[in-house]
Amino acid sequence: MEDAFDAIVVGAGLAGCIAAYVLAKEGAEVLVIERGNYAGSKNMTGGRLYGHSLEKVIPGFAKEAPIERKITKEKVTFMTDDTGVTLDYHNGRDQSTIEESYTLLRGEFDQWLMEKAEEMGAQFISGIRVDEVIKKDGKVVGVMADGDELFANAVILAEGVNPVLGEKLGMVQPKVEADVMAVGAKELIELPENVIRDRFNVEGDEGCAWLFAGSPANGLMGGGFLYTNKTTISLGVVCGLHDIEHSSKTVPQMLEDFKNHALIKPLIEGGKLLEYSGHVVPEAGIHMVPKLVDDGVLITGDAAGFCLNIGYTVRGMDLAIASGEAAALAVLKAREANDFSAAGLNTYQDLLNDSFIMKDLNLYKGLPDFMQNPRIFNQYPKMVADIMQSMFTVDGSASQPLRKTIMKHCKEVGYMNLIKDGFKGVAAI
Ligand SMILES: Cc1cc2nc3c(=O)[nH]c(=O)nc-3n(C[C@H](O)[C@H](O)[C@H](O)COP(=O)(O)OP(=O)(O)OC[C@H]3O[C@@H](n4cnc5c(N)ncnc54)[C@H](O)[C@@H]3O)c2cc1C
């Protein structure tokens, strides 16, 4: 087609920016269209990037990218309204750059990534929404944005968790079922750098990733998160929507109560609220992966359901990056063969099948179902807290053997439930 780009990318999140970077680096003509005013302006994340997939595309990226802190401290807390039992892991070992993970803020990070793509020759238009995908003879040939028709041999849909265009094409099933979605609310709280170091016991540019199960999501599927940035804290809750109508609290109220928990309040004391954001998280893993390729079109990142909630962590950014790269490589291969049909672009599916993305999504395919078990977020955090309280309470009465104390609290949840959930949990991971 005359005056056509090799590819048009819809959305300048991580998936879209990387697709553009990889394409432009190989000399392809690529245009990225982003509805926000700049890359990252509409994007939200908890805050932790596992660096491996970006390291593969841009080796040594952490030296120049606006990352916040390298994570060396991991904490997981089982929380009830008035207790917290925390597992604290400090990793002082040397890691290769491929193993490292970082906290980041998307507003800065995505802009940097888009600038890298532009340096390679990608064209970028922001502040404009793509309204339609143009089809000719059954094949996608371009997009309609702001009343203009723009043509390309391939369109990469990197539109995030609400893939309206993918749905219009009939590739993505409309997500009417609440049990495939969670909602996240997050605050960015400013604190002096030395205060963050002191309160979280981290040195220099090291940082802490802290996850909370139990009361933050009001006992529903989900939990709280806290990530340390250079001079801010990312603090939020994620809550599954499948049972939200039975919740006694709204999600903003959950976040408010989480902030006021005795374990959290002193950590953010004196902090200044800089930003409040809310966003949806795809939760169903492999079960919500749509048709990924069709004639002239590919779907990447959250739009393709490439997000993993493994209970103790949400991972979507490294999957968005790897799938953006795979989509770009497939377009480059199709360009060589001058075949942008579904068959010509199908290298994308092959690359994904061979990558950690499909393997991990398959590995954790039982997890979304397992996580809908209310005991995990409700009774088990309480059980752990009760055991700890019994262990550390001395009131003058004769002590019980520890074994008896533990069994007493396990009995409250039910031995059969514990065995059943234990087996199911192991099978799910
Ligand atoms: C609360 C929360 C916590 C999370 N925590 C983590 C975490 O700690 N670690 C992790 O790895 N992942 C985490 N995730 C998941 C992660 O943020 C996402 O998986 C990731 O952002 C997906 O990137 P993406 O590029 O696919 O989509 P997005 O980043 O959503 O980008 C999509 C882009 O497309 C644009 N767009 C959409 N439609 C159009 C259109 N029609 N025209 C033009 N532009 C359009 C949007 O404006 C946006 O910029 C979290 C998510 C949430 C909500």
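Each ligand, and each atom within it, is numbered from 1 in the order the structure gives. It should be emphasised that the depicted structure is a prediction, and the values quoted were computed from it without experimental measurement. Throughout, numbering of the chain's residues begins at 1 and tracks the sequence.
- For atom 47 (O) of ligand 1, the nearest non-hydrogen atom of the protein is E34 OE2, 2.7 Å.
- Scanning all protein heavy atoms for the shortest distance to atom 28 (P) of ligand 1 gives N43 ND2, 3.5 Å.
- Checked by atom type, the side-chain pair T86/D88 shows no donor-acceptor distance below 3.5 Å.
- In summary, the atoms of ligand 1 found under 4.0 Å from a heavy atom of L14, numbered by their order in the structure, are 25 (O).
- When only interatomic distances are considered, the shortest N/O to N/O separation between K42 and ligand 1 does not fall below 3.5 Å.
- Regarding atom 39 (C) of ligand 1, its nearest protein heavy-atom neighbour is R35 CD, 3.9 Å.
- With respect to atom 2 (C) of ligand 1, the closest heavy atom belonging to the protein is G46 N, 3.8 Å.
- Ligand 1 is approached by Y227 to a heavy-atom distance shorter than 4.0 Å.
- In summary, the atoms of ligand 1 found under 4.0 Å from a heavy atom of A158, numbered by their order in the structure, are 32 (C), 33 (C), 34 (O).
- Donor-acceptor pairing under 3.5 Å is recorded for the side chains of D82 and T80.
- Close contacts between ligand 1 and H279 involve ligand atoms 53 (C) [criterion: under 4.0 Å to a heavy atom].
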Got a list of side-chain donor-acceptor pairs under 3.5 Å for residues 116-125, not counting sequence neighbours?
{"unit_1": "K116", "atom_1": "NZ", "unit_2": "E64", "atom_2": "OE1", "d": "3.3"}
{"unit_1": "K116", "atom_1": "NZ", "unit_2": "E64", "atom_2": "OE2", "d": "3.1"}

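- Between A320 and ligand 1, no pair of N/O atoms sits closer than 3.5 Å.
- When side chains are defined from C-beta on, R375 counts as touching D421, because their heavy atoms get closer than 4.5 Å.
- A side-chain donor from one of N218 and S247 sits under 3.5 Å from a side-chain acceptor of the other.
- Listed by number with element, the atoms of ligand 1 under 4.0 angstrom from any heavy atom of I33 are 43 (C), 44 (N).
- Of the heavy atoms in Y50, none comes closer than 4.0 Å to ligand 1.
- With a 4.0 Å cut-off on non-hydrogen atoms, V280 touches ligand 1 through its backbone and not its side chain.
- Taking any N or O of M317, backbone or side chain, at least one lies under 3.5 Å from an N or O belonging to ligand 1.
- Contact check for L292 versus L298: no side-chain heavy atoms found under the 4.5 Å cut-off.
- Scanning the protein heavy atoms around atom 14 (N) of ligand 1, the nearest turns out to be T45 OG1, 3.3 Å.
- Among residues at least two apart or in separate chains, ring-ring contact (aromatic ring centres under 6.0 Å, His included) pairs with a member in residues 213-241 are F225-Y227.
- In summary, the side chains of E190 and T232 do not present any donor paired with an acceptor at a separation below 3.5 Å, with no hydrogens or angles considered.
- When each atom of ligand 1 is checked for a heavy atom of R129 under 4.0 Å away, the hits are 40 (C), 41 (N), 42 (N).
- Looking only at heavy atoms of the protein, atom 20 (C) of ligand 1 is closest to R106 NH1, 3.8 Å.
- Contact annotation: the side chain of P282 never approaches that of F306 to less than 4.5 Å [non-hydrogen atoms, C-beta and beyond].
- In terms of protein heavy-atom proximity, atom 1 (C) of ligand 1 is closest to M44 CE, 3.5 Å.
- Near A15, the atoms of ligand 1 lying under 4.0 angstrom from a non-hydrogen atom of the residue are 25 (O), 26 (O).
- F212 is not listed as a side-chain neighbour of H261, based on a closest heavy-atom distance of 4.5 Å or more.
- At a 4.0 Å heavy-atom cut-off, ligand 1 touches V130 through backbone and side chain alike.
- Within the 4.5 Å cutoff, side-chain heavy atoms of L165 are placed close to those of V10.
- D6 places a side-chain N or O within 3.5 Å of a backbone atom of E29 that can act as its donor or acceptor partner.
- Close approach of ligand 1 to V314 (heavy-atom distance below 4.0 Å) involves ligand atoms 6 (C), 7 (C), 8 (O), 9 (N), 10 (C), 11 (O), 12 (N), 13 (C), 14 (N), 50 (C).
- S234 pairs in a side chain to side chain contact (heavy atoms under 4.5 Å, CB included) with only one of the listed residues (L105, L226, T103, T45), which is L105.
- When side chains are defined from C-beta on, V331 counts as touching L345, because their heavy atoms get closer than 4.5 Å.
- Summary of contacts: the protein heavy atom closest to atom 12 (N) of ligand 1 is G316 N, 3.0 Å.
- Atoms of ligand 1 found under 4.0 Å from any heavy atom of E159 (numbered from 1 in listed order, with element): 32 (C), 34 (O), 37 (C), 38 (N).
- With a 4.0 Å cut-off on non-hydrogen atoms, A39 does not touch ligand 1 at all.
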